[in-house]
**Student:** 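Sharing a structure here in structure tokens format.
Order of listing sets the numbers, starting from 1, for every ligand and every atom in it. Residue numbers run from 1 in the order of the sequence given.
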Amino acid sequence: MNSPVLGKDLLGLETLSAEQIRLILDTAGPLKEISERTIKKVPALRGMTIVNLFFEASTRTRISFEFAEKRLSADTVNVGAAGSSVSKGETLVDTARNLEAMRIDMVVIRHGASGAAKFLADRIESKVVNAGDGTHEHPTQGLLDLLTLRDRLGDLAGRRVCICGDVLHSRVARSNLWGLKKLGAEVAVCGPRSLLPNAIDEMGVKVFDRIEAAIEWAEALNILRLQLERMQGGYIPSLREYNRVFGVTRERLDRAPRDIIIMHPGPMNRGVEIDSDVADGPHSVILDQVTNGVAIRMAVLYLLAGGRPEGG
Ligand code: CP
């Protein structure tokens with residue numbers, strides 16, 4: 001049965017309406033409390049089998065999904081490329097169809113190829129949740145970022161959020177852009193032109209070439225990791241130079257006209273895109289993002305399984 005709220009799958013925020021995004025955030029809010037209990041478990045997904053198919057490295061997303069599944073009482077299995085028959089050349093779809101033959105209900109997939117989650121969703125009956133596909137989207141990260149911002153700022157309509165750094169390679173940036181714009185926020189990006197998509201000027205966002213200007217404008221900065229593993233060279237002169245020109249430092253924030261919420265999806269390159277005294281400073285919500293990630297993933301799994309939103 002498809003979710004009356006989300007349909008069969010969650011593949012990205014581009015295809016969700018503002019109402020669907022709000023329903024997920026509203027569902028996640030009350031679910032946060034479950035993680036604060038001594039016994040962190042409710043029976044909402046009892047009897048459901050979920051496979052976490054992680055073909056790319058992950059700490060936060062993989063563990064967060066696993067906690068979310070366990071706290072909702074689902075049965076879970078983790079499959080990685082290493083140690084599975086993918087390493088012998090089995091295709092993604094064959095792997096998933098063999099898992100389906102063992103009667104699963106949902107697949108959470110992280111994959112290095114943009115579009116891999118949709119490719120799979122179109123070919124299997126199980127529900128598919130995109131846990132990050134190449135440089136395309138990372139919808140649950142976008143949702144947890146929205147929840148963290150909403151916790152601090154309330155309604156996001158008209159609030160000013162700047163996404164800083166390696167936007168070009170960032171699926172987090174894309175999901176944030178879609179989500180923030182749908183909720184009515186003003187969105188900007190800031191970074192060297194070599195790390196911004198060519199079409200950035202048509203995306204309806206402000207573009208800052210200087211981090212100082214972004215800091216002057218923004219109420220929140222979402223600072224992205226320089227994805228060195230996706231760069232073949234030539235994007236930036238050196239990490240030191242990047243930090244000198246675009247790094248979010250204490251000195252730069254001290255000159256801001258207001259307190260600025262500091263976000264980072266992780267993993268961080270400390271001393272490159274963000275300095276340690278900013279990452280660990282009083283305005284950082286980086287660990288709140290991680291905490292909210294569990295509630296967002298619980299909400300997504302619960303809704304996809306047919307659960308009703310609060311008051312629905
Ligand atoms: N934010 C994020 O996706 O982190 P991981 O790569 O550790 O999952």
Side-chain angles (χ1 to χ4, degrees), residues 10-14 24-25 28 35 50-71 76 78-82 107-117 128-149 151 161 163-180 189 191 195 220-231 248 261-270 272-274 278-280 284-301:
L10 177 71
L11 303 177
L13 298 195
E14 179 178 5
I24 298 171
L25 302 185
S35 295
I50 304 178
V51 176
N52 300 312
L53 214 53
F54 274 68
F55 291 170
E56 250 196 357
S58 168
T59 297
R60 277 147 291 269
T61 312
R62 183 174 58 79
I63 294 169
S64 179
F65 265 111
E66 206 177 332
F67 277 142
E69 291 154 4
K70 288 187 191 316
R71 287 175 193 178
T76 67
N78 298 319
V79 180
V107 175
V108 176
I109 179 170
R110 168 166 290 195
H111 200 284
S114 302
V128 173
V129 183
N130 182 4
D133 61 330
T135 59
H136 172 233
E137 279 224 40
H138 190 348
T140 56
Q141 179 72 45
L143 289 163
L144 73 89
D145 290 343
L146 293 174
L147 183 62
T148 307
L149 281 168
D151 286 348
V161 181
I163 302 168
C164 303
D166 186 358
V167 178
L168 181 67
H169 298 105
S170 178
R171 53 197 174 210
V172 175
R174 275 167 194 75
S175 290
N176 265 269
L177 276 170
W178 290 118
L180 286 164
V189 296
L195 291 178
L221 299 181
N222 200 345
I223 304 158
L224 303 173
R225 180 173 71 90
L226 273 192
Q227 297 198 32
L228 301 168
E229 74 280 15
R230 295 193 209 271
M231 295 185 196
V248 179
I261 297 167
I262 298 296
M263 307 172 77
H264 193 303
M268 290 184 271
N269 296 308
R270 287 174 182 262
V272 181
E273 69 266 3
I274 186 167
V278 174
D280 306 326
S284 169
V285 295
I286 293 169
L287 293 178
D288 296 333
Q289 291 172 263
V290 179
T291 303
N292 280 341
V294 178
I296 281 292
R297 286 160 185 137
M298 288 169 84
V300 166
L301 297 171

**Student:** Under 4.0 angstrom from ligand 1, any heavy atom of Arg110?
**Tutor:** yes
**Student:** Going by the atom numbers of ligand 1, which of them fall below 4.0 Å from some non-hydrogen atom of His138?
**Tutor:** 2 (C), 3 (O)
**Student:** Do you know which two heavy atoms are closest between Glu273 and His264, and how far apart they sit?
**Tutor:** OE2-NE2, 2.9 Å
**Student:** Under 4.0 Å from any heavy atom of Gly266, which atoms of ligand 1 are there?
**Tutor:** 1 (N), 2 (C), 4 (O)
**Student:** Classify the side-chain pair Asn292/Thr148 by whether it contains a donor and acceptor separated by less than 3.5 Å.
**Tutor:** yes
**Student:** Ignoring angles and geometry beyond distance, decide whether Thr59 reaches within less than 3.5 Å of ligand 1 through its nitrogen or oxygen atoms.
**Tutor:** yes
**Student:** Counting only nitrogen or oxygen atoms and a 3.5 angstrom limit, does Pro265 reach ligand 1?
**Tutor:** yes
**Student:** Distance under 4.0 Å to a non-hydrogen atom of Thr61: what atoms of ligand 1 satisfy this?
**Tutor:** 2 (C), 3 (O), 4 (O), 5 (P), 8 (O)
**Student:** Among protein heavy atoms, which lies nearest atom 4 (O) of ligand 1, and at what distance?
**Tutor:** Arg60 NE, 3.1 Å
**Student:** Nearest non-hydrogen contact with atom 5 (P) of ligand 1 belongs to which option: Ser58, Ala57, Ala131, Gly132?
**Tutor:** Ser58
**Student:** Quick one: CD1 on Ile63 to CG on Asn78, what's the gap to the nearest 0.5 Å?
**Tutor:** 9.5 Å
**Student:** Taking salt bridge (Lys or Arg N to Asp or Glu O under 4.0 Å) as the test, write out the residues that go with Arg270, two or more places apart.
**Tutor:** Asp280
**Student:** For the residue pair Asn130 and Glu137, confirm or rule out a side-chain donor-acceptor distance under 3.5 Å.
**Tutor:** no
**Student:** First locate atom CD of Gln141, then atom CG of Leu146, and finally report the distance between them rounded to the nearest 0.5 Å.
**Tutor:** 10.0 Å
